[in-house]
Structures are given as C-alpha cells and as structure tokens.
Amino acid sequence: MKKNQIIDILKSGQVGAEITVKGWVRTRRGSKNVSFIALNDGSTINNLQVVADAENFAEEILKHINTGAAIAATGKLVESAGSGQSVELQAEKIEIIGKADPDKYPIQPKRHTLEFLRDVAHLRPRTATYSAIFRIRHKLIFAIHNFFNERGFYNIHTPIVTSSDAEGAGEMFRVTTLPMNDLPKTEDGEIDYSEDFFGKSTNLTVSGQLEGELFAMAMSRIYTFGPTFRAENSNTSRHLAEFWMIEPEVAFFDLNDNMDLAEEFLQYLIRYALDNCIDDLQFLSKRLQEEEKNKPADQRSMELIEKLKFVADNEFVRLTYTEAIDILKNSKQNKKGKFQYPIEGFGTDLQSEHERYLVEKKFQKPVILTDYPKEIKAFYMRMNDDNQTVAAMDVLFPQIGEIIGGSQREERLEVLESRMAEMNIPADEMQWYLDTRRFGGCQHAGFGLGFERLVQFVTGMGNIRDVIPFPRTPKNCEF
Ligand code: 4AD
Ligand code: MG
C-alpha cells in the first residue's frame, strides 16, 4: 500500500515530490489572494499545510474549503517557512470530495468543551483531542499484546454470552430470545429459561476470569482481552456499563508474583506510550496545562509526561488493607479536630477519597493494597491463614483510584466449596469450575486491568467517557 498518509509525508519531508493527499479540512485562513488550509487525515496530530493561491482556483472550489470538508489536494511539497513543520503542499489541484456546510457542521474551528463534543460523539473523532486519544488507545492495545507475547502468554477469547456471574455481584445484563412482553413462566412463577435459545438464564460477561482460569490450568500463562459489561447504576467519571478488560491468569503464581507482574505490566505500557505516542501526549499535555491554569495552585496535578515518567520509573508502594486502615485512621485532623479521611475500621470498603488520599497525598505513588477482608471480596480469592482476609490485590493510581483488581485464587476444593456456600454461589452450576480443583489443581493467580482506566491515566483525561469510542453509561446509548 502506498504511503501517502500525512504522517508519512511529514516524516519523509521529500521536498520537490509531486503528491496527492486526502483528508478533512481543520481550518482555513488567509487572504483574498492565498489560502492556508490545515489538512488532517487522522494519521497524526500534525496537520499538513496546503497553500492555495486564489488565482489558480475557481471560486466554486474555494468556497467549499471549509472546516470539516473532505478534499484531495495535489501539488508539490515545498519547504515550509512556518514554524513546527518542515514541508507544506503548494496546491495545483484541489478536489472537493465531501462538502461540510459551515452553518450546519457542529464542529467549529475553535476549542469546544468536552461536554459539547460528547453531545456530537459521532463527529468528535474529527477533533485533534479525540483523534490523539484514540491513536494512543490503539498503541496501548498493541503494547498489551506485545507484552504478553514476549513473555510466553497465550491470548484466549472467553465467551461474551455466558451463564456464569464471575464476580458474584449480580450486576449483569440479561441475554434472552424470549418475548419481551409475554415471558413464559414455570409453575413457581419464575421465568422459564428452558424455553430460551440457550435453555438457561444467560447474561453478558462481567469478567472472563473463570473461563481464563480453565486455560491457565492447561496452558500455564494466558490472558484475555475483551469487552465486559456491568449493569451497575454508577454515574461516575470512572465507570462504564461496557468496558474492556485485560485479564492475565498464571498457573503456579502466588500473590507476590502477581503483584510483580502487574507492576511490570503497567510500567511497560506507560513506557511504551512515552516511546511511541510522544506527539499526541505533548498535545494532550498542553491542553491539560491550559485547563489546570484555572485551578488553585495546590490542586493542580503534575504535568502529564512528567507524571507518566515518574510512574514508569518508580517502584509502587505495597501495603496491606489493615495497614492502610491504620494510616487512614491516623490521617491528619482538620481544624475542627475531625479526621480528614474518617473510616470506620476493619471490614469497611475504601471509598475513592480514601484511595486518593493514600496515593496522591500520603505516598504520592501508585499503591498496591493487599489482603482485604473476605466479606468485601469475591468468592474465588484465596483465604489467608488468619481466616479473616483473602489474598486480594488492588492497584491504586493517582487520579484514577483502582486500576487493577486481582488475587491469588482459592485452589483448595473444600475451602472454595465452603466459601461458595457461605456466599450463596450456586456450586451445582459451576462444576466445570470446581473440576480444575478436583483434577490437577494448583496454586494460581491473576488480575484484571480496566483498559479505559489505563487510557484515562495515560491521556490525562478526567472522564472515562472520553477515552472509549462509544461510551455506554446509564441512560446513554444513542447509537
Ligand atoms: O475489580 P474487578 O471487578 O475485578 C474482576 O473483574 C476480576 N475478575 C479481575 C481478575 O482478577 N481477573 O475489575 C477489574 C478492573 C478494575 O480494577 C477496574 O479497573 C475495571 O476493571 N473496572 C471498570 N472499568 C470501567 N467501568 C466499570 N464499571 C468497571 N468495573 C471495573
Ligand atoms: Mg475491584
């Protein structure tokens, strides 16, 4: 395939070459005699400047070179006098491929708010900010597969339609072919799923972990990377109803191995973005700096690239849930003598303000919290010797909070069965899972990285809706 995308043209900078380039007009400025067109095709944050001398073009062409129009420009690459670009195109021919009426096209050649752009989500990839985010998202997908491939992991596609609730939290989207208004009922008045396509109650997956475990206990190192769905009614800047998760699962791993893998993985991905997306990161950083100017000095966060380098180069803090509770209990008192981050004590789940205190104020580094009380974690986590806590780990990041959740898994059949009974997990429907403990069971561990939270961290975006092409949130599914 011929390399004539703007990214290649700007890189090779072959002065004198005769080329045709196609893209969308970002802006057009100039005078009666000459137009400077900033052309972008989405391949890079940088625009190619197309110079059109008015005398060479009919008014019929010039009047349609508006923001948003698709055009093809043919001409010679010449050295550019403008700063920040080595070459520009001296246009000899311009074809209007697709007009964009400036009175109707919603994206104007100015800075729009992210809220406004969310309302025109179908057109927002045309903007510099969103195309930068989605290029970085793409590079990170690549980096994830690279990381695991280099380390002998196999990628396993786990099912999207499933009958299991991996997290046991009941936050599932139902999948059924039964009639909407006339659901068949059993004698007990329950919905009769035996009438359904799958013959039982099915839902969209909340996690590929349990199926992943089956493969880890056959192929040793595996990972999943797929869409997951949570029907939780959370309207926050960190939650989506449909998000992508990466779940490695490793046989013969314990919690320490799992923490080492998570830390190495995150640092690799951040380093990869720094090495491969620097133009887009610099653009986003500048954008953020402008936003930060409106905040009081003590609330401004670290410059994006500096922050990424810091996290990529510094060891994460590791501490237990119990230690974290002690730290929070003794957190500074405010002027009224009240603790700034009050917490009830052992057994309570940490709120995001607690997590952010630990990461952003106390340690100023990512933190891996381990050994949570069994009551607040899933049934499959390995029981510790104290019978109170489980071998869980959450990785907490600045501005994000929980970015990874994982654990060593309970491999002892009797312990697992009794945990399932305590937590009302239907063991009779999960014999396939329990078989891995019955036959050749072994120590193993894994975790799930929320892909959008990672993209949020790397791009510095405050709202998760801005890092996924088509966000699904409560009451929001336009197309
Ligand atoms: O902590 P979670 O629920 O863990 C699991 O699903 C395990 N089965 C993972 C495993 O051990 N294999 O989710 C894992 C991560 C969270 O840390 C968070 O980053 C992300 O998935 N996540 C969400 N991201 C966006 N929107 C939501 N509603 C999310 N819920 C979880
Ligand atoms: Mg979690």
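Both ligands and their constituent atoms are indexed starting at 1 by order of listing.
- Closest protein heavy atom to atom 19 (O) of ligand 1: Ile403 O, 2.8 Å.
- For Arg135 and Tyr130, the positive end is not near the middle of the six-membered ring at less than 6.0 Å and at most 45° from its axis.
- Among all protein heavy atoms, the one lying closest to atom 26 (N) of ligand 1 is Leu240 N, 2.9 Å.
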Next on the checklist: Quick one, Tyr272 with Phe142, criterion ring pair (Phe, Tyr, Trp, His ring centres under 6.0 Å). Give me CA distance, side-chain angles, the key distance, then yes/no.
Outcome noted: CA-CA 10 Å; Tyr272 190 95; Phe142 246 81; 8.0 Å; no
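- Any protein N/O/S atom under 2.8 Å from the Mg ion (ligand 2) was counted, giving 1 altogether.
- Ring centers of Phe148 and Tyr154: at least 6.0 Å apart, outside the cut-off.
- When non-hydrogen atoms are compared, ligand 1 lies under 4.0 Å from the side chain of Arg453 (C-beta onward) but not from its backbone.
- Within the listing of ligand 1, atoms 17 (O) sit less than 4.0 angstrom from a heavy atom of Ile404.
- Under the 6.0 Å cut-off for aromatic ring centres, Phe147 and Phe265 qualify, their centroids lying closer than that.
- In this structure, of Gly208, Gly450, Ser407, the residue bringing a heavy atom nearest to atom 20 (C) of ligand 1 is Gly450.
- In this structure, CD on Glu115 lies 9.0 Å from CG on Asp119, to the nearest 0.5 angstrom.
- In this structure, Glu247 and Ser207 approach most closely via the heavy-atom pair OE2-OG, 2.8 Å.
- In terms of protein heavy atoms, atom 1 (O) of ligand 1 is closest to Glu402 OE2, 3.0 Å.
- Of the heavy atoms in Met245, only side-chain atoms (C-beta onward) come closer than 4.0 Å to ligand 1.
- The part of Arg409 lying near ligand 1 is the side chain, judged by heavy-atom distances below 4.0 Å.
- In this structure, Arg230 is part of the shell of residues with a heavy atom less than 4.0 angstrom from ligand 1.
- Contacts classified as salt bridge (charged side-chain N to carboxylate O under 4.0 Å, His left out) and involving residues 311-322 (residues at least two apart or in different chains) are given here: Asp260-Arg318, Glu263-Arg318, Arg271-Asp313.
- The residue Val395 has no part lying near ligand 1, judged by heavy-atom distances below 4.0 Å.
- With a 4.5 Å cut-off on side-chain heavy atoms, Glu249 and Phe215 do not count as touching.
- Remark: ligand 1 atoms within the under-4.0 Å shell around heavy atoms of Arg238 are 25 (C), 26 (N).
- Looking at Phe447 against ligand 1, only its backbone comes within 4.0 Å, counting heavy atoms.
- In this structure, Tyr380 counts as a contact residue of ligand 1, since one of its heavy atoms falls inside 4.0 Å of the ligand.
- Close N/O approach between Val206 and ligand 1 is not found [any backbone or side-chain N/O within under 3.5 Å].
- Checking Leu328, Asp349, Ile327 one by one against Ile343, the side-chain contact (heavy atoms from CB on, under 4.5 Å) holds for a single residue, Leu328.
- If you number the atoms of ligand 1 from 1 as listed, the ones under 4.0 Å from a heavy atom of Glu247 come out as 7 (C), 8 (N), 9 (C), 10 (C), 12 (N).
- Residue contacts with ligand 1, taken as heavy atom pairs separated by less than 4.0 Å, do not involve Asp394 at all.
- A salt bridge (charged side-chain N to carboxylate O under 4.0 Å, His left out) check over residues 357-381, counting only residues at least two apart or in different chains, returns the pairs Arg356-Glu360, Lys377-Asp394.
- Aromatic pair Tyr357/Phe363: centroids not less than 6.0 angstrom apart.
- Nearest non-hydrogen protein atom to atom 31 (C) of ligand 1 is Phe243 CZ, 3.6 Å.
- Side-chain contact check for Asp196 and Thr177: at least one donor-acceptor pair (N or O, by modelled atom type) lies under 3.5 Å.
- Residue Ser207 has at least one heavy-atom neighbour below 4.0 Å for each of these atoms of ligand 1: 6 (O), 8 (N).
- Checked against the 6.0 Å centroid criterion, the rings of His145 and Phe225 qualify as a close aromatic pair.
- Using 4.0 Å as the threshold, Gly406 has a heavy atom nearer than that to some atom of ligand 1.
- Pairs passing the salt bridge (charged side-chain N to carboxylate O under 4.0 Å, His left out) check and including a residue from residues 172-183, sequence neighbours excluded, do not occur.
- A donor-acceptor contact closer than 3.5 angstrom is absent between the side chains of Tyr380 and Glu213.
- The minimum heavy-atom distance between Glu410 and Met383, with the atom names listed, is OE1-N, 2.9 Å.
- Protein heavy atom closest to atom 15 (C) of ligand 1, with residue, atom name and distance, is Gly448 O, 3.6 Å.
- Residue contacts with ligand 1, taken as heavy atom pairs separated by less than 4.0 Å, involve Glu167 solely via side-chain atoms from C-beta onward.
- Heavy-atom separations between Glu249 and ligand 1 are all 4.0 Å or longer.
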Next on the checklist: The test is side-chain contact (heavy atoms from CB on, under 4.5 Å); show your working for Val175 and Phe197 and say whether it passes.
Outcome noted: CA-CA 10 Å; Val175 176; Phe197 179 90; over 6 Å; no
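- Contacts with ligand 1 closer than 4.0 Å are made by no heavy atom of Phe397, backbone or side chain.
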